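In what follows, a single structure is set out as structure tokens and then discussed.
Note that this is a predicted model, so its numbers are computed, not measured.
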Amino acid sequence: MKKLGFGLMRLPLLDPADERSIDLERFKQMADLFLERGFTYFDTAIGYHGFESQRAVKTALVDRHPRNRFALATKLHNNFVHSLEDRDRVFNEQLELTGAGYFDYYLLHGIKADSYPIYEQYDCFNWLLEKQRQGLVRHVGFSFHDTAELLDRILTEHPEMEFVQIQLNYLDWESEWIQSRAVYETAVKHGKDVIVMEPVKGGTLARLPAEAEALLKAAAPEQSIPSWAIRFAASQENVRMVLSGMSSLEQMEDNLRTMENFRPLSGQELALTARAAEIINQKIAVACTACSYCTDGCPMQIAIPKYFSLYNEDMREDLAQKGWTANYSNYNKLTRTHGKAGDCIGCGQCEGVCPQHLPIVSLMQQVSAHFDR
């Protein structure tokens with residue numbers, strides 16, 4: 001397979017304020033183009049797009065293309081497993097929603113220190129192997145959001161897993177929290193294939209500070225800024241697949257151009273990405289990837305990732321001179337249908353599910369101080 005996968009977490013929407021409003025006609029166009037250009041890997045999960053992503057897969061992909069033309073991955077999340085019976089119930093629902101008949105790749109979703117015991121309690125690793133023996137799953141693995149130390153333990157206890165899906169990008173490569181390099185090297189040590197998620201870090205590496213953008217453009221004027229991030233991830237030797245959450249045909253075209261005739265980054269180019277990461281880290285206020293895991297259970301219905309995005313944009317501005325930006329208006333529009341940042345009650349459910357380990361409650365206070373005037 002070519003190394004670019006279509007991540008179905010950030011599909012085009014009919015209503016930007018409603019994650020469930022997937023633009024199915026645009027999704028069909030994107031799926032068709034993806035396949036036409038020789039790419040085959042599609043990645044979804046239960047909760048993506050307010051539980052609509054898997055259903056959209058059936059409409060846009062499964063019902064319109066021969067099953068042997070594409071590879072489909074989906075996942076079992078511990079939040080939906082409270083008994084042994086729940087495992088089959090969820091799996092059978094996924095088969096029905098997607099109409100796929102079987103899954104090429106199936107993952108235990110988002111393993112962290114607090115969720116690993118749940119997967120163990122309900123014997124999910126052995127259950128997944130049984131699905132493989134039944135021919136309902138072809139390749140077994142898990143996605144991971146924790147330390148290299150925990151990954152080493154899991155792969156030691158479960159060497160039967162074939163692959164690991166991790167967050168890997170040049171901004172998080174040396175991060176003490178995400179540990180992209182250390183986690184990747186741990187997977188390699190255990191001989192596992194690596195699937196990459198968040199190579200562009202939720203769009204952060206598509207919109208760089210001016211100094212970082214100028215650095216990369218000077219080296220390769222013809223290349224897009226996001227292409228550097230995609231190539232960085234794909235350049236790692238044991239990476240089998242790089243997932244990109246594409247929400248427009250333009251984004252897809254750019255990624256296809258980058259990966260059709262993939263060329264790994266040179267040593268000099270790798271050094272440039274390291275320098276760009278240094279510049280970004282000096283500028284970015286909140287390292288949110290807009291995965292939206294935090295929003296589903298928010299009792300105040302706060303648009304957390306959207307507020308972080310607006311806040312980050314303002315923090316890059318010279319507000320001392322401007323005093324006001326359009327982001328204030330955008331924030332106020334969002335608060336008509338969502339809770340304000342200042343409505344946060346500090347329950348902390350968002351922090352418990354955040355793959356980036358962000359202190360969201362205290363960050364909401366900063367966002368509120370900035371926008372709630």
Determine, using ring centers only, whether [Y] and [X] are less than 6.0 Å apart.
| X | Y | value |
| --- | --- | --- |
| Phe103 | His139 | no |
| Trp228 | Tyr170 | no |
| Phe142 | Tyr119 | no |

How about [X]: does its [atom1] atom have over 12 heavy atoms from other parts shown lying under 6.0 Å from it?
| X | atom1 | value |
| --- | --- | --- |
| Glu278 | CD | yes |
| Arg55 | CZ | no |
| Gln121 | CD | yes |
| Gln268 | CD | no |
| Lys131 | NZ | yes |

Item to complete: Report whether Val242 and Trp173 are members of the same hydrophobic cluster (ILVMFWY, side-chain heavy atoms less than 4.5 Å apart, transitive linking).
Response: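 Val242 and Trp173: one cluster.
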
Worksheet item: Are Met252 and Met9 connected in the hydrophobic side-chain network, where two residues link if heavy atoms are under 4.5 Å apart?
Response: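 As far as the 4.5 Å side-chain criterion goes, Met9 and Met252 are not connected within one cluster.
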
Just list the side-chain donor-acceptor pairs under 3.5 Å for residues 219-227, sequence neighbours left out, or say none.
residue, atom, partner, partner atom, Å
Gln223, OE1, Arg231, NH1, 2.9
Ser224, OG, Ser227, N, 3.2
Ser224, OG, Asp254, OD1, 2.9
Ser224, OG, Asp254, OD2, 2.7
Ser227, OG, Ser224, O, 2.6

Worksheet item: Salt bridge or not for Glu250 and Arg26, using N-O below 4.0 Å?
Response: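 Between Arg26 and Glu250 there is no salt bridge, as every charged N stays at least 4.0 Å from the carboxylate O atoms.
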
Discussion item. Which heavy atom of Val164 sits nearest to which heavy atom of Ile166, and what is that distance?
Written reply: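 Nearest pair, atom of Val164 first, then Ile166: CG1-CG2, 3.5 Å.
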
Worksheet entry | Leu310 side, atom CG; Lys333 side, atom NZ - distance, nearest 0.5 Å |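 Reported to 0.5 Å precision, the distance equals 11.0 Å.
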
Practice prompt. Check whether any side-chain heavy atom of Lys189 lies under 4.5 Å from a side-chain heavy atom of Glu185, and answer yes or no.
Written response: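 The answer is no; the side chains never approach within 4.5 Å.
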
Fill in: salt bridge (Lys or Arg N to Asp or Glu O under 4.0 Å) partners for Glu130, two or more places apart
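Partners of Glu130 under the salt bridge (Lys or Arg N to Asp or Glu O under 4.0 Å) test: Arg133.
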
